Engineer: 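This is the structure, below, for whatever I ask next.
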2 protein chains.
Amino acid sequence: MMSEAAITRLGDMGRWEPDAKGRLMVAALELYTERGYEQTTVADIAQRAGVTERTFFRHFADKREVLFDGAGTLQETVVTAIATSAAQTAIEMVGTAMERAAEMMQERRDFARQRAAAIAANPSLQERELLKLAVLGAAAASALRDRGVPEPAATLAAEVGVTVFKVAFERWIDDQPDFPACIRATLEGLRALQ
Amino acid sequence: MMSEAAITRLGDMGRWEPDAKGRLMVAALELYTERGYEQTTVADIAQRAGVTERTFFRHFADKREVLFDGAGTLQETVVTAIATSAAQTAIEMVGTAMERAAEMMQERRDFARQRAAAIAANPSLQERELLKLAVLGAAAASALRDRGVPEPAATLAAEVGVTVFKVAFERWIDDQPDFPACIRATLEGLRALQ
DNA sequence: TTTGCTATGTCAGTGGCTGACATCAGGAAC
DNA sequence: GTTCCTGATGTCAGCCACTGACATAGCAAA
């Protein structure tokens, strides 16, 4: 079996090379960008990463999840920011927490752009993104409750905060350079609404 | 195969086995409720409805879509309400439009409950629901723009309106009897947030 | 009756995803 | 250094969601 792999060294991207998960994430984003999500098979991604299809599904729950590895870290950032916020109102707590998240993403704008483009091009990927944001909202609401915010204010503030994040993200990706500033501007626009 | 049973009653409009789509929707909701979404195959649904698997996919894009047939009507209701609203602010337009939608759903509370329970039990179905709500938000934003509301206020108001709808829906399903009243109460809670 | 339209059935095939089991690399234990 | 253990990977068989191509059944107008 592996004797053939020893011969074809170059074509076989180091099956035991480190960071198979990272290689899969890169390969997936490349392929989704090059030929689109639907036109890419998991076998394609695995081949480019130098592993088998089965290995892909050991690292990611499904074909979509490979684009959403950072969701957990983002959620931790938001929850921690709410837990340690010095703000007075629920909206302010969520707002500053979203700013922290924005600062974190700010550092990898090119990656965020490419990823956002791939997601925008496919409803299946949009669904997964919406679910991640909903989970983020639920976690934020829970963190608000831990700070003493009662229901339904906690859920409402958290959901509105996620909405602000979404709208600000689009503006940032679109043409604005400063993501945290987009958050602040969108929060201001929200206040002006009523 | 399809023996006698109930054939042609009033709708002689050119259908030979009446309402295959409706039977599929009923069968799907029943099975998703009885044994869960994952434990139900499309073949199961088709069999209970008295058709083949292929026919299911001629009526619905995928296994999830069978639960979301009413989304289009709901969207039309909201868009029409915004287009004909006499309210002054964007938030008020969206708020009253969501009230119209709530009135519409109010009539079938039991159905809404069973459907909501099935969706709540499965992340895949939640994803589809979130996508439908996102599309609804985009349509509402477009309707607001047609009424002269500028960006980003239109998108922001529409998204916040959808959030209010979501939160109010949960309260209605949970224990409140009056859905439109839930919308109004949630809108009031939103105002109180800032 | 004939013709034509539409909803449905049949069949083969692709691809996402899983379970069961074999294998390999690296390090710990001996 | 040999053995053994552990975790990551490969291999294979199989289920099921979903699709394209083509055949067929019922209905209606010509």
Side-chain angles (χ1 to χ4, degrees), chain A residues 1-9 11-25 27-28 31-32 35-69 122-125 127-128, chain B residues 1-25 27-28 31-32 35-69 122-125 127-128 131:
Chain A
M1 290 295 146
M2 286 298 97
S3 55
E4 290 171 310
I7 297 172
T8 61
R9 247 194 204 295
D12 185 19
M13 281 275 297
R15 167 174 156 191
W16 294 98
E17 218 71 15
D19 200 23
K21 183 172 178 176
R23 268 155 35 220
L24 284 165
M25 291 191 291
L31 287 167
Y32 292 171
R35 44 175 113 148
Y37 172 80
E38 311 244 355
Q39 285 65 46
T40 302
T41 71
V42 174
D44 292 335
I45 301 170
Q47 184 175 26
R48 180 167 296 200
V51 295
T52 63
E53 197 178 341
R54 193 65 183 85
T55 293
F56 178 96
F57 288 109
R58 286 203 177 92
H59 285 286
F60 305 102
D62 58 50
K63 190 184 169 187
R64 283 164 259 173
E65 199 64 16
V66 66
L67 282 192
F68 296 88
D69 190 62
N122 188 276
S124 286
L125 293 172
E127 288 187 342
R128 180 55 50 84
Chain B
M1 37 178 65
M2 289 281 41
S3 53
E4 68 301 358
I7 314 240
T8 71
R9 234 174 26 78
L10 42 109
D12 314 350
M13 293 289 294
R15 205 91 68 131
W16 124 74
E17 272 296 337
D19 202 21
K21 184 172 179 175
R23 287 187 338 253
L24 283 165
M25 293 192 290
L31 286 166
Y32 291 171
R35 45 175 112 147
Y37 172 80
E38 312 244 356
Q39 286 65 46
T40 303
T41 71
V42 174
D44 292 334
I45 301 170
Q47 183 175 25
R48 181 169 294 200
V51 296
T52 64
E53 198 178 341
R54 192 66 184 85
T55 293
F56 179 96
F57 288 109
R58 286 206 176 90
H59 285 287
F60 306 101
D62 57 52
K63 189 184 168 187
R64 283 164 255 171
E65 199 64 16
V66 67
L67 283 192
F68 297 88
D69 190 62
N122 188 274
S124 287
L125 294 172
E127 288 187 342
R128 180 55 50 83
L131 183 64

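So that the names make sense, note that chain A is the first sequence line, chain B the second, and so on, each numbered from 1. Only a predicted model underlies this, so the values are computations on that prediction, with no experimental measurement involved.
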Engineer: Is the shortest side-chain N/O distance from B:His59 to OP1 or OP2 of C:dA7 below 4.0 Å?
Structural biologist: no
Engineer: Hey, can you pull the donor-acceptor pairs under 3.5 Å for the side chains in residues 45-57 of chain B, sequence neighbours left out?
Structural biologist:
residue: B:Arg48; atom: NH1; partner: B:Glu30; partner atom: OE1; Å: 2.9
residue: B:Arg48; atom: NH1; partner: B:Glu34; partner atom: OE2; Å: 3.0
residue: B:Arg48; atom: NH2; partner: B:Glu34; partner atom: OE1; Å: 3.3

Engineer: For residues B:Thr40 and B:Arg35, report the shortest heavy-atom separation together with the two atoms involved.
Structural biologist: OG1-CG, 3.6 Å
Engineer: B:Asp62: which residues meet the side-chain contact (heavy atoms from CB on, under 4.5 Å) condition with it, sequence neighbours left out?
Structural biologist: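 Per chain and number, B:Asp62 pairs via side-chain contact (heavy atoms from CB on, under 4.5 Å) with B:Arg64, B:Glu65, B:Arg128.
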Engineer: Using side chain to side chain donor-acceptor pair (under 3.5 Å) as the criterion, list what pairs up with A:Lys21, not counting sequence neighbours.
Structural biologist: A:Asp69
Engineer: Side-chain N or O of A:Thr55 less than 4.0 angstrom from OP1 or OP2 on D:dA8?
Structural biologist: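 A:Thr55 to D:dA8 OP1/OP2: no side-chain N or O under 4.0 Å.
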Engineer: Work out which heavy atom in B:Gln39 is nearest to a heavy atom in B:Asp44; give both atom names and the distance.
Structural biologist: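 Scanning both residues completely, I find the closest heavy atoms to be O-OD2, 4.1 Å.
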Engineer: Mind grabbing the angle between the end helix axes of the helix from C:dT1-D:dA30 to C:dC30-D:dG1? Five pairs an end, 10° rounding.
Structural biologist: 0°
Engineer: Which residues pass the side chain to side chain donor-acceptor pair (under 3.5 Å) test with A:Arg58, not counting sequence neighbours?
Structural biologist: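 Not a single residue meets the side chain to side chain donor-acceptor pair (under 3.5 Å) criterion with A:Arg58.
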Engineer: Please report, rounded to the nearest Å, how far the P atom of D:dA8 is from the CZ atom of A:Arg23.
Structural biologist: 14 Å
Engineer: Can you check the B:Glu127 CD to D:dA17 P distance for me, whole Å?
Structural biologist: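 That distance rounds to 16 Å.
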Engineer: Nearest-Å distance, CD (B:Gln47) to C1' (C:dT8)?
Structural biologist: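 To the nearest whole Å, that distance equals 17 Å.
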Engineer: Rounded to whole Å, please give me the gap between CZ in A:Arg58 and P in D:dC12.
Structural biologist: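 To the nearest whole Å, that distance equals 14 Å.
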Engineer: Which atom pair, heavy atoms only, marks the closest approach of B:Phe60 to B:Met25?
Structural biologist: CZ-CG, 3.5 Å
Engineer: Suppose we screen for side-chain contact (heavy atoms from CB on, under 4.5 Å). Which residues come up paired with A:Asn122, at least two apart in sequence or across chains?
Structural biologist: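 With neighbours one apart ignored, the set is A:Tyr37, A:Glu38, A:Ser124, A:Leu125.
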Engineer: Identify each atom pair where a protein N or O and an N or O of nucleotides 14-18 of chain C are less than 3.5 Å apart, giving names and distance.
Structural biologist:
residue: C:dG16; atom: OP1; partner: A:Lys63; partner atom: NZ; Å: 3.4
residue: C:dG16; atom: OP2; partner: A:Val42; partner atom: N; Å: 3.4
residue: C:dC17; atom: OP2; partner: A:Lys63; partner atom: N; Å: 2.6

Engineer: Quick one: B:Ile45 CD1 to D:dC16 P, roughly how many Å, whole number?
Structural biologist: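 Going from CD1 in B:Ile45 over to P in D:dC16 covers 13 Å.
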Engineer: Within the pair A:Thr52 and D:dT11, is there a side-chain N or O less than 4.0 Å away from OP1 or OP2?
Structural biologist: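 No.
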